[in-house]
There are 2 protein chains.
Amino acid sequence: MAIDWTKLPSLTALRAFEAAAQTGSFSQAARSFNVTHAAVAQQVRALEEHLGLKLFERSARGVQLTAEGSELARTLVTGFALIAQGVEALQDKNRNRPLRVTTTAFFAESVIFPRITDFWKQHSDIEISFTPSDEPIDLVAQGMDIGIRAGRGPWPGLRCLDFVQSPTRALAAPSLVDDPGVDWSQVPWLIPDSSTWEREALSQSGIDARQIKTVDLGNPALEIRAGEEGMGLVLEAEIDVRAQLAAGSLKIAPIPIAHVSRFFIVTPPWTPRPPVAAFIAWLRALAPQLSATGD
Amino acid sequence: MAIDWTKLPSLTALRAFEAAAQTGSFSQAARSFNVTHAAVAQQVRALEEHLGLKLFERSARGVQLTAEGSELARTLVTGFALIAQGVEALQDKNRNRPLRVTTTAFFAESVIFPRITDFWKQHSDIEISFTPSDEPIDLVAQGMDIGIRAGRGPWPGLRCLDFVQSPTRALAAPSLVDDPGVDWSQVPWLIPDSSTWEREALSQSGIDARQIKTVDLGNPALEIRAGEEGMGLVLEAEIDVRAQLAAGSLKIAPIPIAHVSRFFIVTPPWTPRPPVAAFIAWLRALAPQLSATGD
DNA sequence: TTTCAGTTGAAAGGTGAGCTATCATCTATG
DNA sequence: CATAGATGATAGCTCACCTTTCAACTGAAA
């Protein structure tokens, strides 16, 4: 029951006709599409030829529908109006939708939340919802506007901007770090079994991943808690544990890590709507400030 | 309250999306427009970018609408269906409409009607309505499919085909023609005051239009009747008065006329629908036969 | 009456939206 | 495990659609 478009005239022609019918003038119709009168006249002529019917009476003062013309116009007007209305409704809904941002929980807590009031000073009307996620969720499928991701970009099908960099650190509880007798090679690393970047960072730093003990706690929040309790070594971007460093609950262990965590602002492939663009601009303006205190 | 098309996505993209939504497959949608799957995929992607929304979940087995996608699809389906339906209704009406032919009354009587049964032998399903008209009426405005016109073509805005030619004759009642004592310069010409081609034909034949008497009877049928009654000279294409010549009610007067009446098949500028084309073909096949007996 | 502003028509030429062609990838299915 | 049929990506072509330009017509204003 699908429509057989091969036998129907071009939609451009139908739209031109509809506009001309409603305005009663080719010139005025042309203005509503930002084209010339000649373009509309050609489309209407083509439509008349396709149908084998005269749709307008022409005169020097404008055009007037024939009987057949007004019959056609009546259905086209409602059809196009329906379409336009449907699209506009979706656009409005989309425009007024709150900004949806996804980051790791730590990044949100230690970087975004302390500064978010500054953003709202500039854009009090923009509603933002944060979705913490450690997994690299599919932004587009989840209807997210912005993701902040650590790792190596770019990701396929997503637009990807450099955000900030932060040195990766090996961290542990002060009780361990302040103990000069610790044999670090015996301290377990609290890193996931499956994740790759942690092991790469270690091997880049001259640590053989096969020779170390690891404990997989399943999520970064637990890893940090466990690290604070002295269970082992935590591998994190400094920027993510700044709160713990400040509080003294974690200290940088004397194990140099030759790796830098790069954070990216990731967006869907299309041009961001204005609130999204505003938030991205604000984030990027933040970057130098973050990096300055970061090293 | 006209629609602002500048903010709406391209209709091509909307149509592609609608078809994909209904079929659940880019490839199948593509087939319904005779395009490739890539064309549809591009249009849908462009639409998604325009709206900043994901409309389909893609998989290797086809596509599935997202929530937003199905919302959009619902209004598009009805909108496009309305449009298609409106156009198709008009096309059907137009297709089944009887053939409308306009000729002079004489031409219809002496040329068409005697042979029309032959046409219906070939096309029994084509209904024809004849509108006799001596005035060069506007074919298109009157919704005519075919006109047969004498005079000089082409006419602006109309398609024009040569049909037949017939010598123009000066004719009078036998009582006059057979009377050797008639002074033809004193016999009035039964021609309209306003028409131009009759006077041109006369002056082409060496007859000064200002030196003759004329009587304007208002229409050709009356002119011929009056001619048969001996009221004066009639100027007609031979093909138009063949019936009178055969019956002996009019005879060719001994006044040579250096003019040939040319008949044209005139149609609206667009491609004729099948019944129209059939009738034109039949008419043109008739032409040699008419010319053969004509001179 | 003349001018002017605004309409439509016609035709030549330019250009970008939309298409094809092609290759790669993925997944059900036999 | 190979095949059929789906989607994605992209380079490049082409024609549908547009602009440009000129001419004719009309009604209102000067």
Side-chain angles (χ1 to χ4, degrees), chain A residues 5-6 8-21 23-50 54-66 69 138 140-141 154-159 268-270, chain B residues 5-6 8-21 23-50 54-66 69 138 140-141 154-159 268-270:
Chain A
W5 289 104
T6 63
L8 292 175
S10 94
L11 283 171
T12 315
L14 290 172
R15 179 179 51 180
F17 167 73
E18 188 263 3
T23 59
S25 153
F26 288 176
S27 303
Q28 211 171 320
R31 261 172 248 128
S32 73
F33 310 124
N34 292 327
V35 297
T36 59
H37 80 90
V40 173
Q42 282 180 60
Q43 293 295 341
V44 171
R45 204 178 327 142
L47 182 60
E48 287 180 325
E49 291 193 16
H50 180 101
K54 197 180 184 190
L55 299 171
F56 284 117
E57 291 296 339
R58 276 104 164 142
S59 79
R61 306 188 9 162
V63 291
Q64 195 171 356
L65 286 167
T66 61
D138 182 349
V140 177
W155 287 266
L158 295 173
R159 201 167 286 184
W270 45 72
Chain B
W5 289 105
T6 62
L8 292 175
S10 94
L11 283 171
T12 314
L14 290 173
R15 179 179 51 180
F17 167 73
E18 188 262 4
T23 58
S25 153
F26 289 177
S27 302
Q28 213 170 319
R31 263 173 246 127
S32 73
F33 309 125
N34 292 327
V35 298
T36 59
H37 78 92
V40 174
Q42 283 180 56
Q43 293 295 341
V44 171
R45 204 179 325 143
L47 182 60
E48 288 180 325
E49 292 194 15
H50 181 102
K54 198 180 184 192
L55 298 170
F56 283 117
E57 291 296 338
R58 277 106 165 139
S59 81
R61 309 189 359 163
V63 291
Q64 196 173 355
L65 286 167
T66 62
D138 182 350
V140 177
W155 288 265
L158 295 173
R159 203 167 286 183
W270 46 72

Worksheet item: Below 4.5 Å, heavy atoms only, C-beta onward: do T12(B) and L11(A) meet side chain to side chain?
Response: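 Result no, sub-4.5 Å side-chain heavy-atom pair not found.
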Worksheet item: Under 4.0 Å between a side-chain N/O of R58(B) and OP1 or OP2 of dG8(D), yes or no?
Response: yes
Residues in salt bridge (Lys or Arg N to Asp or Glu O under 4.0 Å) contact with [X], at least two apart in sequence or another chain:
X: R58(A); result: E48(A)
X: E18(B); result: none
X: R31(A); result: none
X: E49(A); result: none

Spacing between [X] atom [atom1] and [N] atom [atom2], to the nearest angstrom:
X: K54(A); N: dG9(C); atom1: NZ; atom2: P; answer: 9 Å
X: W5(A); N: dC19(C); atom1: CH2; atom2: P; answer: 13 Å
X: F56(A); N: dT7(C); atom1: CZ; atom2: P; answer: 15 Å
X: E48(B); N: dG8(D); atom1: CD; atom2: P; answer: 9 Å
X: R45(B); N: dC19(C); atom1: CZ; atom2: C1'; answer: 13 Å
X: E57(B); N: dC26(C); atom1: CD; atom2: C1'; answer: 16 Å
X: L8(B); N: dA17(C); atom1: CG; atom2: C1'; answer: 17 Å

Discussion item. What verdict does the side-chain contact (heavy atoms from CB on, under 4.5 Å) test give for L65(A) and L55(A), after you've listed the backbone C-alpha separation in whole Å, the side-chain angles of each residue and the deciding distance to 0.1 Å?
Written reply: CA-CA 6 Å; L65(A) 286 167; L55(A) 299 171; 5.5 Å; no
Worksheet entry | Where at least one partner belongs to residues 32-43 of chain A, residue pairs that pass side-chain hydrogen bond (donor to acceptor under 3.5 Å, both in side chains), sequence neighbours excluded | none
Worksheet item: With F56(A), which residues qualify under ring pair (Phe, Tyr, Trp, His ring centres under 6.0 Å), at least two apart?
Response: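 Per chain and number, F56(A) pairs via ring pair (Phe, Tyr, Trp, His ring centres under 6.0 Å) with F17(A), F26(A).
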Worksheet item: Using the C1' atoms of five pairs at each end, what's the angle between the two axes of the helix from dT1(C)-dA30(D) to dG30(C)-dC1(D), to 10 degrees?
Response: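 The two end axes of the helix from dT1(C)-dA30(D) to dG30(C)-dC1(D) meet at 30°.
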Worksheet item: Taking all atoms of both residues into account, what is the closest heavy-atom pair of A20(A) and V40(A), and its distance?
Response: CB-CG1, 4.4 Å
Practice prompt. Look up atom OG1 in T23(A) and atom CD in Q28(A), then write down how far apart they are to the nearest 0.5 Å.
Written response: 5.0 Å
Worksheet item: For DNA chain C, what residues of residues 24-32 of chain A have any heavy atom nearer than 4.0 Å?
Response: S25(A), F26(A), S27(A), R31(A)
Worksheet item: Sub-3.5 Å donor-acceptor pair from the side chain of S25(B) to the main-chain atoms of G62(B), do we have one?
Response: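 Flag not set: sc S25(B) to bb G62(B) has no pair under 3.5 Å.
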Item to complete: Produce a footprint string for nucleotides 17-30 of chain D: one letter per nucleotide, 5' end first; B if the base is under 4.0 Å from any protein heavy atom, S if only the sugar-phosphate is, - if neither.
Response: SBBB----BSS---
